[in-house]
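Not measured: the values here are computed from a predicted model. Along the sequence shown, residues carry numbers from 1.
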Amino acid sequence: MKTFIRDSTVSISVNFYDSTGVIVNPASATVTLSYMKAGRNSQPDHASYPLVQQGNDWNYSWDSRVADEGPVYGHAQTDGNTPVSSVDFEFRLIANEANRNVAQEC
């Protein structure tokens, strides 16, 4: 599993494929991230963001300050009445004792 330092920007990039494995570029696409919300009494949270197309890549730069350390789960999908393609992924945010969120809890 990929790891990133909590409190940094995480670059998300996905590609979409149809059922035959051919790359598709829809009119629009969205990514939803699920994580533990930053703070002393961390609670599960999720948010959706529009992806930006650059060639065949669909990208989003996520500010990880909203999340606590731990796993982050992602789901990207093409928009529309019936999604053509979707992608699931996950990564982990890590933080040591000097990280702002962790240090505030000490």
Side-chain angles (χ1 to χ4, degrees):
M1 180 184 302
K2 275 192 151 181
T3 60
F4 298 92
I5 304 296
R6 189 207 163 274
D7 220 17
S8 63
T9 299
V10 177
S11 295
I12 296 166
S13 184
V14 298
N15 299 106
F16 295 107
Y17 299 88
D18 68 13
S19 60
T20 64
V22 175
I23 201 158
V24 294
N25 285 307
S28 62
T30 304
V31 63
T32 300
L33 299 175
S34 177
Y35 51 87
M36 295 300 284
K37 194 172 185 174
R40 191 172 292 273
N41 298 315
S42 189
Q43 297 291 319
D45 200 6
H46 68 277
S48 296
Y49 309 96
L51 290 166
V52 176
Q53 183 181 8
Q54 294 177 316
N56 288 327
D57 298 329
W58 289 82
N59 305 304
Y60 186 77
S61 294
W62 183 61
D63 181 353
S64 69
R65 290 180 293 179
V66 299
D68 209 349
E69 62 182 310
V72 177
Y73 302 99
H75 177 78
Q77 72 177 39
T78 58
D79 292 336
N81 292 336
T82 304
V84 173
S85 181
S86 62
V87 178
D88 285 338
F89 58 91
E90 61 186 81
F91 57 89
R92 179 171 291 282
L93 293 178
I94 58 173
N96 67 24
E97 294 300 318
N99 188 282
R100 278 192 285 181
N101 189 52
V102 176
Q104 291 172 2
E105 294 180 7
C106 294

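With rounding to the nearest 0.5 Å, the separation of CD1 in Ile23 from CG in Asn15 is 4.0 Å. With rounding to the nearest 0.5 angstrom, the CZ atom of Arg92 is 5.5 Å from the CE atom of Met1. To the nearest 0.5 Å, atom NE2 of residue His75 and atom CG of residue Asp88 are 5.5 Å apart. Interatomic distance, NZ of Lys37 versus CG of Asp68, reported as 12.0 Å (0.5 Å rounding). Atom CD1 of residue Ile94 and atom CG of residue Asp7 lie 12.5 Å apart, to the nearest 0.5 angstrom.
In this structure, Tyr73 stands alone, with no Ile, Leu, Val, Met, Phe, Trp or Tyr side-chain heavy atom under 4.5 Å from its own, directly or through other members. Through chains of ILVMFWY side-chain contacts below 4.5 Å, Phe16 is grouped with Phe4, Val10, Ile12, Val14, Val24, Val31, Leu33, Tyr35, Tyr49, Leu51, Trp58, Tyr60, Trp62, Val66, Val72, Val84, Val87, Phe89, Phe91, Leu93.
With Ser85 contributing its side chain and Tyr17 its backbone, the two residues share a donor-acceptor pair below 3.5 Å. Listed for the Gln53 side chain is a donor-acceptor partner under 3.5 Å among the backbone atoms of Gly55. Without hydrogens or angle criteria, Ser13 side chain to Asn59 main chain gives no donor-acceptor distance under 3.5 Å.
Closest heavy-atom contact between Ala38 and Arg6: CB-NH2, 3.7 Å.
Shown here are the side chain to side chain donor-acceptor pair (under 3.5 Å) partners of Ser86, two or more places apart in sequence or in another chain: there are none. Every residue meeting the side chain to side chain contact (heavy atoms under 4.5 Å, CB included) condition with Thr20, not counting sequence neighbours, appears here in chain and number order: Asp18, Val22. Ser28 is linked by a side chain to side chain contact (heavy atoms under 4.5 Å, CB included) to Asp79, counting only residues two or more places apart in sequence or in another chain. Asp63 pairs by the side chain to side chain contact (heavy atoms under 4.5 Å, CB included) definition with Arg65, not counting sequence neighbours.
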